[in-house]
Every structure is written in structure tokens, then in C-alpha cells.
Amino acid sequence: MTIRIIKNDMYSIFSFKRALILLSMFIILYIANASEFYMYKNIGLFDFILLALGGPFKNAFRIIDEIKWLLPQIFLSYVLTYLIDLELKERNIYLLPRISSLKIWWFSKIGSLSVITFIYFTIEFFVVIILAFLNYPVNNNFSKVIVEMFVNEKNVTIVYNAKIIFNMFFLLWLTSFLLSIFQLLISMIFKNAMVGLICIIMLNVISIHAGFAKGSLFKWFPSNHGIFMRHNIFNISGRNDLISISWSYSYVIALIILLIIFGFNYIKNKEILY
């Protein structure tokens, strides 16, 4: 039953129009990044992927960087809003009487959100990597020039590029999965999918600007854990102003578990689905 519900959720949000918008957006973002990085010499494939998908730097304030980061996040939230709105309007009539289990319903929704967010960012990474592969040389590792330019450190430990790309993808996915659960919960509490969408957009915008906060305050904003450029990517000692990758995994996974538990207890105690 759970797998069937997840499949139905996938079918309900898929449309040729959305797929076309999605691909067009990722291609346009690739072109925007390629145009911006054209001035830098000797950029390789992994350099481009890191710069294009890593998000805005902690202390950088450029509108173009914010837009490039926010657009995919907002479009994902918009797609989820359609799914959540459909759920809020039709669950009482069709779904719950058939499954007769809040537990199955809730964990099916969690499964749907995890699959949708995973596929979404897989498509983004696939489009960017394929286009970059056609236009940039495959470097064995990140170029030292790029590392020194963007990390402002000459003596750094260069780690394998595959490990960095892996962590960048999974932190982005896990963070977006976390935010999607939060969006679902807010929408259910207020019984309005648009409220959830607005809250997520505001949280993403606030998180971007929280990078200017002194100390470690910005580390507690969930969206920042999906912005890879705000992490201590190259293991630079003494950079307490950046987020460690291990901390992000621990923090985000802990929040996911807490939200799943809280959400299930909330709908069970409040009986909001009836």
C-alpha cells in the first residue's frame, strides 16, 4: 500500500509542462554559471560543479547568487505545494477510508517527499554535470587556483573531488527533504498549502542572509546545511565560522527524525485528518 501511494503521488505531480520548466530552469542556470565563470582560466569539470551547485558563500552578498540558489528551491516547494494541496482537499474522501491507517498514510507521505526531492536534485546534478562535461576538461582534482581564490587559504588539504560532490549532493537532498517535511507539517497545521510554501520561502531567504551573522548562529538555520559553500569543504583548521560536514549530517538527520515523530503524534492526537 505504501509503495502504491508513493507511486500515485509521483504520478499526480508529473506533467510535461513541469518537466519542461524544470529542464529549462536547470539549463538556464548552467548558462548563467558558465557565463560568470568564463573569466577564470583552467577551470575543470569538478571546479565548475562545485561552484555552480555549491550555493552562495557565507559572507558573499550578490543578488545573482541568491537568485541562482533560490530558484530551484522555490520551484521544488511549488511542486510540493500542488501535491500537499491535493492531499488536503481529497484525503478525507478517497485515501484514508481505503487504507484506514494514519501510520501508513503518514509514512507514505514521508516516503513520497524523500523520493521526490531525491529525483529532483538527481535531475539537477545530471543536467549540470552532462553540460559541464561537454564544455570543461575532466580534472583529477579541484584546481589549486580555484581553491585558493574561493577559500582564501593557500595551505589547504585537497580532498578527492568525488567525495566532495557526493557530500554536496546528499546534504542538499537531506536538507530539502527536511524542509519538505516541515512544509507538509505547516500546511497541515494551518490547513492551507500556501502557508507552508510561504514559510519555506521565508526560511530559505532568512538562511541565506543569516550567513552574515557573527559566531555560530547561522549553523542553526536548516537551509544553510544544504549550501555547501558554507561548509569547511577543504578541512581548513581554525575555520570555526564554517559548518563541518559531519555536524550537518548529524543536525539534519536528527531534525528529520524529530519532525517525523512530531508530525505523526500531532496528526494522531489532533485528528486533523478527520
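Values reported hereafter were calculated over all heavy atoms of this structure, with side chains retained and with hydrogens, waters and symmetry mates removed.
Note that Arg230 lies outside the cation-pi zone of Phe221, set by a 6.0 Å cut-off to the ring centre and a 45° limit from the axis.
Taken together through direct or relayed side-chain contacts under 4.5 Å among Ile, Leu, Val, Met, Phe, Trp and Tyr, Ile64 and Met25 form parts of separate hydrophobic clusters. With hydrophobic clusters built from ILVMFWY side chains whose heavy atoms lie under 4.5 angstrom apart, Tyr11 does not share a cluster with Leu86. A continuous path of hydrophobic side-chain contacts links Ile257 to Leu113 [ILVMFWY only; heavy atoms under 4.5 Å]. One hydrophobic cluster, built from ILVMFWY side chains closer than 4.5 Å, holds both Tyr82 and Leu22. Phe16 and Val79 are members of different hydrophobic clusters when ILVMFWY side chains are connected at heavy-atom separations under 4.5 Å.
Taking CD1 of Ile67 as the reference point, atom CD1 of Ile74 lies at 9.5 Å (rounded to 0.5 Å). In this structure, the separation between CG on Leu184 and CG on Leu259 is 10.0 Å, given to the nearest 0.5 Å. Note that CG of Leu29 and CD1 of Ile27 are 10.0 Å apart. Values are rounded to the nearest 0.5 Å. Once rounded to the nearest 0.5 Å, the distance linking CD1 of Ile13 with CD1 of Ile119 reads 8.0 Å. The distance from the CD1 atom of Ile21 to the OH atom of Tyr78 is 6.5 Å, given to the nearest 0.5 Å. Here OG of Ser246 is found 9.5 Å from NE2 of His231. Values are rounded to the nearest 0.5 Å.
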Between Trp105 and Ile267, does a side-chain contact (heavy atoms from CB on, under 4.5 Å) hold up when you go through it step by step?
CA-CA 11 Å; Trp105 178 86; Ile267 62 175; 3.9 Å; yes
Verdict with supporting geometry, His209 and Glu66, side-chain contact (heavy atoms from CB on, under 4.5 Å):
CA-CA 9 Å; His209 292 275; Glu66 293 189 11; 3.1 Å; yes
Tyr30 vs Phe48, test: ring-ring contact (aromatic ring centres under 6.0 Å, His included). Steps then yes/no.
CA-CA 10 Å; Tyr30 167 82; Phe48 182 86; 5.2 Å; yes
Report the C-alpha distance between Met194 and Asp85 in whole Å, list the side-chain angles of each, state the deciding distance to 0.1 Å, and finish with yes or no for side-chain contact (heavy atoms from CB on, under 4.5 Å).
CA-CA 8 Å; Met194 287 304 299; Asp85 187 58; over 6 Å; no
Please walk me through it: do Phe121 and Phe26 pass ring-ring contact (aromatic ring centres under 6.0 Å, His included)?
CA-CA 10 Å; Phe121 289 108; Phe26 290 154; 8.0 Å; no
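The shortest non-hydrogen separation linking Gln73 to Ser176 is OE1-OG, 3.6 Å. Residues Ile84 and Ala193 come closest through the heavy atom pair CG2-CB, 4.1 Å. When all heavy atoms of His225 and Leu171 are compared, the pair lying nearest together is O-CB, 3.6 Å. Closest approach of Leu50 and Met229 over heavy atoms only: O-CE, 3.5 Å. Closest non-hydrogen pair, Leu80 versus Ile116, comes out as CD2-CG2, 4.0 Å. Among all heavy-atom pairs drawn from Lys219 and Ile243, the shortest one is CG-CG1, 3.7 Å.
Phe228 places a side-chain heavy atom less than 4.5 Å from the side chain of Ile164. Trp173 is not listed as a side-chain neighbour of Thr122, based on a closest heavy-atom distance of 4.5 Å or more. A heavy-atom distance below 4.5 Å is found between the side chains of Val127 and Ile123. When side chains are defined from C-beta on, Ile181 counts as touching Ile256, because their heavy atoms get closer than 4.5 Å. Side-chain atoms of Ile130 and Phe126, non-hydrogen and from C-beta on, do get closer than 4.5 Å to each other. Considering only heavy atoms from C-beta on, Ile208 comes within 4.5 Å of Ile227 through its side chain. Taking 4.5 Å as the limit, some side-chain heavy atom of Ile189 sits within range of a side-chain heavy atom of Tyr266. With a 4.5 Å cut-off on side-chain heavy atoms, Met202 and Val205 do not count as touching.
No donor-acceptor distance shorter than 3.5 angstrom exists from the side chain of Thr175 to the backbone of Leu172, with no hydrogens or angles considered. Checking side-chain atoms of Tyr136 against main-chain N and O of Asp47 turns up no donor-acceptor pair under 3.5 Å. Within the 3.5 Å criterion, the main-chain N or O of Ser244 finds no donor-acceptor partner in the side chain of Asn232. Of the possible donor and acceptor atoms, one in the side chain of Trp106 sits under 3.5 Å from a partner among the backbone N and O of Ile260.
Counting only N and O atoms by type, the side chains of Asn167 and Tyr249 include a donor and acceptor under 3.5 Å apart. Of the N and O atoms on the side chains of Asn204 and Ser223, at least one donor lies less than 3.5 Å from an acceptor on the other residue.
Ring geometry, Phe118 versus Phe170: the interplanar angle falls from 30° to 60°, so the pair is classed tilted.
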